[in-house]
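Shown next, in structure tokens, is the structure this report addresses.
The structure displayed is predicted, hence computed values, not measured ones.
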Amino acid sequence: MPYSSTASALNIRKISRQAMHFFNKSQEPWGVKDIHSHFIYVNQAYIDYLEIKQDIANLSYEAVTAFGSFKKGLVAHDQKVMQTGLRLEAVGTLLVGDNYRSFIFEKYPFFDRSGSIIGTVVHLKPFEHISMGFFLEKPFYGEATFTPPTDIFSNREWDVLFLLFRGLERKQIAEKLGISENTVRNNISRIFLIAGTNSRESLLDKGMKNGWHLYVPPLFVSVGYNMLFKEGR
């Protein structure tokens with residue numbers, strides 16, 4: 001069931017019945033917070049997306065494990081929304097359990113009947129369509145995944161394969177991974193053997209057909225939270 005704390009039972013009534021129906025039925029994560037950045041409501045999709053298992057009788061950022069290191073940025077985002085009265089966004093990548101999840105975090109001012117801002121409405125928009133340029137300099141667009149599409153390669157081989165798709169040469173791969181060029185050569189030879197190919201071109205072609213190019217290994221995932229509003233706001 002969606003969450004609303006007993007202590008905030010009166011506050012939750014400030015949300016219209018129509019809005020509550022929308023939040024409850026939405027398959028995307030939504031929540032409402034007070035001026036102190038404490039949640040007074042989250043829907044089931046929010047709980048599921050962040051895998052919230054703690055006691056949420058007094059749900060705050062501290063109670064959400066995935067938000068642990070982002071509290072300062074999250075509160076600053078809330079405050080900026082309440083100060084400006086504007087919808088402001090952030091993008092982030094979180095480690096939720098054993099899985100990386102990327103999202104756009106929209107926040108809206110939450111008004112009472114008199115027009116005063118009494119908190120924020122939050123919307124997490126999960127997404128997978130991201131630029132590989134977020135991880136490395138060479139841009140690449142696709143439906144990225146943080147789950148290996150096959151288990152035929154080792155973790156190190158996935159690292160090497162990812163960099164091969166980025167257009168890096170053996171020396172560059174060695175520098176990026178902090179290993180010897182000879183080790184990279186051996187890894188590439190093993191990748192060829194496993195993939196049943198005998199050249200870089202045929203390997204990358206097969207990888208494209210099988211979706212290997214869309215996998216982002218944990219080594220290249222940057223967990224973070226970045227607000228998108230302009231400094232002048």
Side-chain angles (χ1 to χ4, degrees), residues 27-29 45 48-51 65-70 73 89-106 123-229:
Q27 297 301 304
E28 294 190 356
D48 293 342
Y49 183 72
L50 294 174
E51 297 183 4
T65 302
F67 285 157
S69 61
F70 302 143
E89 297 178 331
V91 293
T93 298
L94 298 177
L95 179 60
V96 181
D98 296 324
N99 301 305
Y100 290 101
R101 295 181 181 175
S102 293
F103 59 89
I104 296 174
F105 208 162
E106 294 182 312
H123 179 210
L124 272 168
K125 296 169 62 177
F127 71 98
E128 295 294 345
H129 289 275
I130 57 178
S131 168
M132 292 299 184
F134 181 76
F135 305 99
L136 293 171
E137 293 79 10
K138 185 177 179 180
F140 177 85
Y141 296 88
E143 189 172 343
T145 176
F146 302 118
T147 302
T150 175
D151 61 1
I152 62 175
F153 299 116
S154 68
N155 292 339
R156 176 59 78 194
E157 288 159 357
W158 275 120
D159 293 341
V160 172
L161 188 56
F162 177 81
L163 295 175
L164 287 173
F165 276 115
R166 309 291 10 97
L168 274 64
E169 300 299 330
R170 284 200 303 265
K171 182 178 180 180
Q172 295 171 305
I173 293 173
E175 292 174 350
K176 183 72 71 173
L177 297 180
I179 58 179
S180 70
E181 191 171 345
N182 186 57
T183 299
V184 172
R185 184 181 295 108
N186 291 337
N187 276 301
I188 292 176
S189 296
R190 178 167 168 74
I191 291 171
F192 284 165
L193 180 64
I194 294 171
T197 57
N198 56 17
S199 70
R200 179 174 180 142
E201 291 71 22
S202 60
L203 171 67
L204 299 186
D205 181 63
K206 183 169 184 177
M208 292 281 283
K209 292 177 180 177
N210 287 278
W212 299 346
H213 63 305
L214 300 175
Y215 171 57
V216 183
L219 180 64
F220 303 102
V221 177
S222 177
V223 174
Y225 185 85
N226 301 291
M227 285 179 278
L228 301 180
F229 57 78

ask   = With no hydrogens and no angle check, is any side-chain donor or acceptor of Asp205 less than 3.5 Å from a backbone partner on Glu201?
value = no

inquiry  = Rounded to the nearest 0.5 Å, what separates atom CZ in Arg166 from atom CG in Leu161?
reply    = 10.5 Å

remark   = Between Phe192 and Leu203, the two heavy atoms sitting closest are CE2-CD2, 3.6 Å

key: Validation row: Leu163, Phe220 side chains within 4.5 angstrom (heavy atoms)   = yes

ask   = How far does NE2 of His213 sit from CE of Met208, to the nearest 0.5 angstrom?
value = 4.5 Å

ask   = In terms of side-chain heavy atoms, does Arg190 have a donor or acceptor partner in Asn187 at a distance below 3.5 Å?
value = no

ask   = Going by heavy atoms in the side chains, are Leu50 and Leu124 under 4.5 Å from each other?
value = yes

task = Output all residues satisfying side chain to side chain contact (heavy atoms under 4.5 Å, CB included) with Asn210, sequence neighbours left out; order by chain, then residue number.
result = Lys206, Trp212

request  = Please name all residues satisfying side chain to side chain contact (heavy atoms under 4.5 Å, CB included) with Leu204, sequence neighbours left out, ordered by chain then number.
outcome  = Leu164, Phe165, Arg200

ask   = Quick one: CD1 on Ile191 to CD1 on Ile152, what's the gap to the nearest 0.5 Å?
value = 9.5 Å

query = Which pair of non-hydrogen atoms, one from His123 and one from Pro29, has the smallest distance, and what is that distance?
reply = CD2-O, 3.2 Å

task = Kindly indicate, with the supporting measurements, whether the criterion side-chain contact (heavy atoms from CB on, under 4.5 Å) is fulfilled by Arg156 and Leu177.
result = CA-CA 9 Å; Arg156 176 59 78 194; Leu177 297 180; 3.6 Å; yes

remark   = Taken to the nearest 0.5 Å, the spacing of Glu175 CD from Arg170 CZ works out to 13.0 Å

query = So do the side chains of Pro218 and Trp158 get within less than 4.5 Å of each other, counting heavy atoms only?
reply = no

task = Using a cut-off of 6.0 Å, state whether more than 12 heavy atoms not belonging to Asn155 lie near its atom CG.
result = no

ask   = Considering all heavy atoms of both residues, which atom of Asp159 and which atom of Leu219 are nearest to each other, and what is their separation?
value = OD2-CD2, 3.8 Å

key: Between OG1 on residue Thr183 and CD1 on residue Ile188, distance to nearest 0.5 Å   = 11.0 Å

